[in-house]
Amino acid sequence: MSSQKTVTVTDNQTGKTLQLPLIEGTHGPAAIDISGLYKNTGYFTYDQGFVSTASCHSAITFIDGEKGQLLYRGYPIEQLAEKCSFMEVAWLLLNGELPTEQELLGFEDRLTDYSLINESLKNFISGFYHDAHPMAVLVGVVGSLSSFYPVDASSMTPADAEVAAMQLIAKMPVIAAASYKHSVGGPFIYPREWLSYTGNMLNMMFSTPARRYEIDPVAEKALDMIFILHADHEQNASTSTVRLAGSSGANPFACISAGIASLWGPAHGGANEAVLNMLEDISEVKNIPRFMARAKDRNDPFRLMGFGHRVYKNYDPRARLIRKMCHEVLEKLGDSSDPTFELALRLEEETQKDEYFIERKLYPNVDFYSGIIYRALGIPTNMFTVMFAIARTAGWAAQWKEMLADPNHRIGRPRQVYNGPARRDVPR
Ligand code: SDX
């Protein structure tokens, strides 16, 4: 008697039945293995938006949407945010365990070596208009990195993949800060080995050669925790984009550039910028009902940015931590009466009393409050999604490495249900 659990599928057209294997993981729903379905039945499956589809095995991140639980390599996000640094979490995502002190020092030292970018890239960045969206700069510059740091993804060893991952994690903040400096006509600031990852981020963005710049430890710690919360999130749209690009053997820089492009969308990482713009449009508490009515109107494409989630049908644990951080950061940075934050709190309060949002389990997600903190740190709205991309590079790199290391990985190539014209001849 085979111990393999199966599901029986019956074709009512032919009366034939098919046993499909069940794949079970550590946590979460089991998956029906349909890889043999087309060969055995001639049928495809259909799942627009991949609501019920597992695209891969992964040991990196687990989300329980019903419980509002998020684990990185088994550790709850709340504990990692409280007890670890972003560098420790990046190592954890890449290697599966938290680093020893020695491993962490070596990791940070190697990231310092990889943090400088080819000086020619400064010309590339200065070639953009000053008002270019920094996500456009990031997509372009990251996609060009293989022309400066050649990699052949088809013959990469695990050591090569590790180097590529570290180059990406190290260079992303430098490119991001350079794009910001270009947008304000300021001088390019180099990373410093004696600064932390987020300390460097703030220094490269806000210091100038003319004046001493003191990094505010509150800001440095807040950004570090925000980066932890954004580091990975299972097979979301941008991570799936990175995996799909990587499955064809594209080089890691091109794959991450594709992920950045996907993250930019307002339905995904672009929501954090859209939330601030939306709150500015709402501007006063008295306008909240009008915007909620628009969000509920099927004929209006407007949605409340920062609300809802494909997986979380409970409160996004990251949003809860960021909301708490808002109070602390605003208090410490002296903006405790930030009207935008007050408006955001009232908007959340009103939605959680409204049947439409309650019935659809629409809670604030990671993007709803993060912009409040970025703004308190002096980061401009059009850089919010760039911050998200910097943090998520650790997760994208870990997921890309995991895919590359899977001996069974193959090029991703979904099929379709064709509903175009039937075959016909050209009328000539
Ligand atoms: C991120 O996937 C991830 O893990 C992503 C992410 C990560 O870390 O990688 O968590 C980061 O992208 C967070 C999400 C950021 N996006 C936004 O905040 C944009 C606003 N949210 C929506 O666009 C929407 O909620 C999505 C895109 C997040 C989820 O879309 P789904 O899963 O396709 O849900 P849906 O569109 O089918 O919505 C179900 C119902 C619909 O109403 P009905 O057709 O049942 O009547 O809920 C409604 C939707 O109209 N709905 C909303 C809404 N979100 C869903 N109505 C008003 N405002 C909203 N924000």
Side-chain angles (χ1 to χ4, degrees), residues 28 47-55 58 60-65 68-72 77 81 89 93 135 226-243 259-279 282 288-322 344 347-348 350-352 354-371 384-385 387-396 398-399:
D47 182 16
Q48 187 153 31
F50 307 118
V51 178
S52 305
T53 295
S55 60
S58 180
I60 299 173
T61 293
F62 175 72
I63 306 170
D64 184 321
Q69 182 185 58
L70 169 58
L71 310 176
Y72 290 167
I77 193 67
V89 169
L93 292 172
M135 283 296 278
I226 280 203
F227 279 5
I228 290 172
L229 300 179
H230 285 80
D232 195 54
H233 214 238
E234 194 208 78
Q235 304 312 315
N236 57 84
S238 54
T239 299
S240 299
T241 303
V242 169
R243 279 180 172 260
I260 296 167
S262 172
L263 183 76
W264 195 359
H268 192 10
N272 57 16
E273 176 177 353
V275 165
L276 250 291
N277 294 334
M278 176 187 75
L279 290 172
I282 295 174
I288 285 177
R290 178 158 55 88
F291 281 80
M292 281 177 63
R294 285 192 57 199
K296 297 179 331 188
D297 178 355
R298 278 182 171 284
N299 301 315
D300 187 333
F302 172 77
R303 288 193 162 173
L304 277 189
M305 292 289 109
F307 283 85
H309 197 277
R310 170 61 56 77
V311 177
Y312 288 123
K313 299 311 170 191
N314 199 322
Y315 211 99
D316 184 332
R318 303 166 298 176
R320 183 176 288 110
L321 289 166
I322 293 176
L347 180 58
E348 175 186 347
E350 292 308 314
T351 59
Q352 299 315 299
D354 183 289
E355 195 45 45
Y356 174 93
F357 292 88
I358 295 167
E359 185 187 311
R360 290 167 180 77
K361 301 181 180 178
L362 301 176
Y363 297 94
N365 59 49
V366 67
D367 291 312
F368 186 56
Y369 288 107
S370 55
F384 289 179
T385 312
M387 293 292 130
F388 195 149
I390 293 168
R392 186 55 56 90
T393 297
W396 287 330
Q399 299 268 354

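Numbering of residues begins at 1 and proceeds along the displayed sequence. In each ligand, atom 1 is the first atom listed, and ligand 1 is the first ligand listed.
Shortest contact from atom 15 (C) of ligand 1 to any protein heavy atom: Asp367 OD2, 3.3 Å. Ranking protein heavy atoms by distance to atom 55 (C) of ligand 1, first place goes to Leu362 CD2, 3.6 Å. Annotation: atom 2 (O) of ligand 1 to nearest protein heavy atom, Asn236 CB, 3.5 Å. Gly308 O, 3.7 Å is the protein heavy atom nearest to atom 28 (C) of ligand 1. When hydrogens are left out, the protein atom nearest atom 50 (O) of ligand 1 is Arg303 NH2, 3.1 Å; that is the closest non-hydrogen contact. The protein heavy atom nearest to atom 12 (O) of ligand 1 is His268 ND1, 2.9 Å. Closest protein heavy atom to atom 4 (O) of ligand 1: His233 ND1, 2.6 Å. Looking only at protein heavy atoms, the nearest one to atom 27 (C) of ligand 1 is Ala267 O, 3.8 Å.
Residues satisfying the side chain to side chain contact (heavy atoms under 4.5 Å, CB included) test with Ala237, not counting sequence neighbours, are Ser262, His268. With sequence neighbours excluded, the residues forming a ring pair (Phe, Tyr, Trp, His ring centres under 6.0 Å) with His233 are His309, Tyr312, listed by chain and number.
By the 3.5 Å distance cut-off applied to N or O atoms, Lys313 is not counted among the residues near ligand 1. In terms of N/O distances under 3.5 Å, ligand 1 is approached by Leu304.
Ligand-side atoms of ligand 1 in range of Arg360: 40 (C), 42 (O), 43 (P), 45 (O), 46 (O), 47 (O), 48 (C), range being under 4.0 angstrom from any heavy atom. Close approach of ligand 1 to Ala271 (heavy-atom distance below 4.0 Å) involves ligand atoms 15 (C), 16 (N), 17 (C), 18 (O).
Glu348 has its side chain within reach of Tyr369: a pair of non-hydrogen atoms, C-beta onward, lies under 4.5 Å apart. Side-chain contact between Phe388 and Ile226 is absent, with no heavy-atom pair separated by less than 4.5 Å. At least one side-chain heavy atom of Pro364 sits under 4.5 Å from a side-chain heavy atom of Tyr315. In this structure, Met292 and Phe357 have side chains that are in contact, with non-hydrogen atoms separated by less than 4.5 Å.
There is no side-chain donor-acceptor pair under 3.5 Å between Trp264 and Thr385. Side-chain contact annotation: Glu234 with Gln399, donor-acceptor N/O pair under 3.5 Å absent.
Residue nearest to atom 48 (C) of ligand 1, selected from Phe307, Tyr356, Tyr312: Tyr356 (by heavy-atom distance). The heavy atom nearest to atom 3 (C) of ligand 1, out of those in Arg318, Arg310, Gln48, His309, is found in His309.
Using a 4.0 angstrom heavy-atom cutoff, Gly306 counts as in contact with ligand 1. The closest approach between any non-hydrogen atom of Arg298 and ligand 1 is below 4.0 Å. Heavy atoms of Pro266 approach ligand 1 to within less than 4.0 angstrom.
Counting heavy atoms closer than 4.0 Å to ligand 1, residue His230 contributes nothing at all.
Enclosure of atom CZ in Phe302 by more than 12 non-hydrogen atoms of other residues, nucleotides or ligands within 6.0 angstrom is indicated. The local environment of CD in Glu355 is crowded, with over 12 non-hydrogen atoms from other residues, nucleotides or ligands closer than 6.0 Å.
Using a 4.0 Å threshold on non-hydrogen atoms, atom 37 (O) of ligand 1 does not count as touching the protein. Under the 4.0 Å distance rule, the nearest protein heavy atom to atom 9 (O) of ligand 1 falls inside the cut-off.
When each of Leu70, Thr239, Leu71, Ile77 is tested with Thr61 by the rule side chain to side chain contact (heavy atoms under 4.5 Å, CB included), just one qualifies, namely Leu70.
Taking the ring centroids of Phe307 and Tyr363, they lie at or beyond the 6.0 Å cut-off.
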